[in-house]
Peer 1: 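To start, I am sharing the structure in question, which I have written as structure tokens.
Residue numbers run from 1 in the order of the sequence given. Since the model is a prediction, treat every value here as computed from it, not as a measurement.
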Amino acid sequence: MGNSTTYLLLIRHGENDWVGTDRLAGRTPDVHLNEKGRQQAVDVAQLLAKQPIAAIYSSPLERCLETAQPLAERLGQSINIEAGVIEVDYGEWRGANLKELAKLPEWHMVQHFPSTFRFPGGETLREVQSRGIHALEALCTKHPNQVVAVFSHADVIRLCIAHYMGTPLDLFQRVVVNTASVSTLVFHNFRPMVVSVNYVA
């Protein structure tokens with residue numbers, strides 16, 4: 001087996017109508033980029049247009065697909081759906097007001113011991129981390145010696161970066177991933193390295 005190096009660019013979707021509303025969007029359908037988010041998507045495309053990107057993958061949610069669109073158009077590529085990097089399934093908390101959720105005893109668990117918590121009727125963050133890592137490593141296998149762009153969500157990206165940094169899941173919220181930021185992972189012969197986190201155009 002020869003040497004293989006794969007670059008994964010993890011890009012969080014741009015700003016959307018739910019940002020600043022104190023509500024948890026989760027997998028709510030029809031959450032679209034707002035004006036600032038659409039500009040961020042154009043800026044990301046401009047930033048990454050000169051990179052030798054071989055393929056573009058995205059969470060199936062609209063806000064990610066819309067963020068990926070300008071880059072796909074500039075590169076003349078199609079967007080591949082990757083369900084493994086979809087937003088966390090917040091279950092019954094989806095669409096809820098964060099200020100109301102913060103009053104619940106479970107909220108303390110999410111903030112301090114997230115690894116042990118299951119969102120009511122949804123996923124655990126360990127399950128999210130596991131499916132995210134599985135998806136990224138499958139892309140490495142599929143794209144040896146290539147650069148791949150992956151459009152996803154804050155918690156999914158933070159959980160994956162925490163894993164590759166060797167950070168305990170309970171501390172993953174120390175990783176900051178802003179809207180339309182790019183974080184870079186390199187896999188050299190499947191040995192992971194975190195090259196950059198939260199780079200904003």
Side-chain angles (χ1 to χ4, degrees), residues 9-47 57-72 79 81-115 117-129 131-132 149-162 169-183 197-201:
L9 308 176
L10 308 184
I11 304 138
R12 183 185 173 190
H13 61 76
E15 196 173 291
N16 58 79
D17 298 331
W18 283 57
V19 170
T21 64
D22 288 327
R23 282 152 76 220
L24 195 59
R27 295 184 182 179
T28 304
D30 290 323
V31 176
H32 297 281
L33 298 184
N34 59 22
E35 194 176 340
K36 182 183 174 185
R38 288 190 291 274
Q39 183 57 53
Q40 287 176 319
V42 171
D43 293 343
V44 164
Q46 201 162 344
L47 175 71
Y57 290 85
S58 173
S59 153
L61 296 178
E62 289 91 348
R63 56 192 186 272
C64 281
L65 291 167
E66 289 171 9
T67 308
Q69 194 60 45
L71 180 65
I79 302 168
I81 300 289
E82 177 45 72
V85 298
I86 193 173
E87 177 64 293
V88 179
D89 182 356
Y90 294 114
E92 292 160 28
W93 285 20
R94 188 182 93 177
N97 186 296
L98 294 169
K99 289 189 172 78
E100 294 303 312
L101 291 175
K103 296 173 186 171
L104 299 174
E106 295 94 323
W107 187 254
H108 181 79
M109 292 284 292
V110 178
Q111 298 306 313
H112 301 284
F113 309 105
S115 62
F117 183 73
R118 178 177 296 281
F119 292 99
E123 292 180 291
T124 66
L125 291 174
R126 183 166 280 139
E127 287 167 346
V128 177
Q129 187 181 56
R131 66 169 163 80
V150 183
F151 289 80
S152 184
H153 305 267
D155 280 351
V156 182
I157 294 171
R158 291 157 79 192
L159 286 161
C160 290
I161 289 170
L169 196 154
D170 281 338
L171 302 180
F172 89 101
Q173 297 186 60
R174 292 182 180 181
V175 180
V176 176
V177 175
N178 291 326
T179 52
S181 65
V182 182
S183 300
V197 177
N198 200 40
Y199 181 85
V200 179

Peer 1: Once you round to the nearest 0.5 Å, how far does CG of Leu33 lie from OG1 of Thr179?
Peer 2: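 Going from the CG atom of Leu33 to the OG1 atom of Thr179 covers 9.5 Å.
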Peer 1: Shortest non-hydrogen contact from Arg126 to Leu169?
Peer 2: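 Scanning both residues, the minimum pair turns out to be CA-CD1, 3.6 Å.
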Peer 1: Examine the side chains of Tyr90 and Asp155 and answer whether a donor and an acceptor come within less than 3.5 Å of each other.
Peer 2: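 Asp155 and Tyr90 do have a side-chain donor-acceptor pair below 3.5 Å.
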Peer 1: Heavy-atom distance under 4.5 Å between the side chains of Thr28 and Arg94, does that happen here?
Peer 2: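 Heavy-atom side-chain distance check passes, below 4.5 Å.
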Peer 1: Would you please test Trp93 and Glu106 for side-chain contact (heavy atoms from CB on, under 4.5 Å) and show each step?
Peer 2: CA-CA 11 Å; Trp93 285 20; Glu106 295 94 323; 3.9 Å; yes
Peer 1: Kindly indicate, with the supporting measurements, whether the criterion side-chain contact (heavy atoms from CB on, under 4.5 Å) is fulfilled by Leu125 and Phe172.
Peer 2: CA-CA 10 Å; Leu125 291 174; Phe172 89 101; 3.7 Å; yes
Peer 1: Under 3.5 Å, side chain of Glu62 to main-chain N/O of Asp30, donor-acceptor pair present?
Peer 2: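 Side chain of Glu62 to backbone of Asp30, a donor-acceptor pair under 3.5 Å: yes, one is there.
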Peer 1: Would you call the rings of His112 and His108 parallel, tilted or perpendicular, taking 30° and 60° as the class edges?
Peer 2: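 Rings of His112 and His108: tilted, 30 to 60°.
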Peer 1: Is there a side-chain contact between Arg158 and Gln173 (heavy atoms, below 4.5 Å)?
Peer 2: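 Yes; the side chains approach each other to less than 4.5 Å.
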Peer 1: List the atom of Trp18, the atom of Ala25, and the distance in Å for their closest heavy-atom pair.
Peer 2: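 Residues Trp18 and Ala25, closest heavy atoms: CE3-CA, 3.4 Å.
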Peer 1: So that I can tick it off, tell me whether Glu82 and Arg131 are bridged by a salt bridge, with the cut-off set at under 4.0 angstrom between side-chain N and carboxylate O.
Peer 2: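 No, no charged N to carboxylate O under 4.0 Å.
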Peer 1: Begin from the C-alpha positions of Val197 and Val176 and carry the test side-chain contact (heavy atoms from CB on, under 4.5 Å) through to its verdict.
Peer 2: CA-CA 8 Å; Val197 177; Val176 176; over 6 Å; no
Peer 1: Output yes when Glu15 and Arg38 qualify as a salt bridge under the 4.0 Å nitrogen-oxygen rule, no when they do not.
Peer 2: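 No, this pair does not count.
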Peer 1: Side chains of Asp170 and Pro114, heavy atoms from C-beta outward: is any pair under 4.5 Å?
Peer 2: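 Yes - at least one pair of side-chain heavy atoms lies under 4.5 Å apart.
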Peer 1: Closer than 3.5 angstrom, by distance alone: can the side chain of Ser59 be matched with the main-chain N or O of Cys64 as a donor-acceptor pair?
Peer 2: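 Not a single qualifying donor-acceptor pair exists.
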Peer 1: Does the side chain of Tyr57 come within less than 4.5 Å of Ile79's, by heavy atoms?
Peer 2: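 Result no, sub-4.5 Å side-chain heavy-atom pair not found.
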Peer 1: State, yes or no, whether a side-chain contact exists between Asp17 and Val31 at a heavy-atom distance under 4.5 Å.
Peer 2: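 Heavy-atom side-chain distance check fails, nothing below 4.5 Å.
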Peer 1: Which heavy atom of Ala154 sits nearest to which heavy atom of Val177, and what is that distance?
Peer 2: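 Minimum heavy-atom separation between Ala154 and Val177: CB-O, 4.1 Å.
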Peer 1: Looking at NZ of Lys99 and CZ of Arg23, how far apart are the two atoms once the value is rounded to the nearest 0.5 Å?
Peer 2: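 Answer for the NZ-CZ pair, Lys99 versus Arg23, is 12.5 Å.
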Peer 1: Report yes or no: does Asn198 contribute a side-chain atom to a donor-acceptor pair with the main-chain N or O of Asn178 at less than 3.5 Å?
Peer 2: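 Checking the backbone N and O of Asn178 against the side chain of Asn198, a donor-acceptor pair under 3.5 Å is found.
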Peer 1: Which heavy atom of Val44 sits nearest to which heavy atom of Ala180, and what is that distance?
Peer 2: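 Reported closest heavy-atom pair: CG2-O, 3.5 Å.
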Peer 1: Evaluate His13 against Glu66 for side-chain contact (heavy atoms from CB on, under 4.5 Å), listing each step before the verdict.
Peer 2: CA-CA 8 Å; His13 61 76; Glu66 289 171 9; over 6 Å; no
Peer 1: Hey, could you give me the CG/CZ distance between Asp89 and Phe119, rounded to the nearest 0.5 Å?
Peer 2: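 Asp89 atom CG to Phe119 atom CZ measures 9.5 Å (nearest 0.5 Å).
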Peer 1: Do Glu127 side-chain atoms and Thr124 backbone N/O form a donor-acceptor pair below 3.5 Å?
Peer 2: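 Flag set: sc Glu127 to bb Thr124 pair under 3.5 Å.
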Peer 1: Compare all side-chain heavy atoms of Val150 with those of Leu9 and state whether any distance is below 4.5 angstrom.
Peer 2: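 No, every pair of side-chain atoms sits at 4.5 Å or beyond.
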Peer 1: Calculate, to the nearest 0.5 Å, the distance between atoms CD and SG belonging to Gln129 and Cys160 respectively.
Peer 2: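 Here the interatomic distance stands at 7.0 Å.
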Peer 1: What is the distance from atom CD of Gln39 to atom CG of Asp43, rounded to the nearest 0.5 Å?
Peer 2: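 Spacing of CD (Gln39) from CG (Asp43) equals 4.5 Å.
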Peer 1: How many angstroms lie between atom OG of Ser152 and atom CG of Leu10, to the nearest 0.5 angstrom?
Peer 2: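 Reported to 0.5 Å precision, the distance equals 7.5 Å.
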Peer 1: Is it true that Phe113 and Trp107 have ring centroids separated by less than 6.0 Å?
Peer 2: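 Judged by ring-centre distance (under 6.0 Å), Phe113 and Trp107 do not meet the cut-off.
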Peer 1: For the residue pair Tyr199 and Ser181, establish whether any side-chain heavy-atom pair is separated by less than 4.5 Å.
Peer 2: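 Result no, sub-4.5 Å side-chain heavy-atom pair not found.
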Peer 1: Between Arg27 and Glu123, is a salt bridge (Lys or Arg N to Asp or Glu O under 4.0 Å) present by the stated rule, with each step listed?
Peer 2: CA-CA 12 Å; Arg27 295 184 182 179; Glu123 292 180 291; 3.4 Å; yes
Peer 1: So Val156 and Val128, do their side chains get closer than 4.5 Å, heavy atoms only?
Peer 2: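 Of all side-chain heavy-atom pairs linking Val156 with Val128, at least one is under 4.5 Å.
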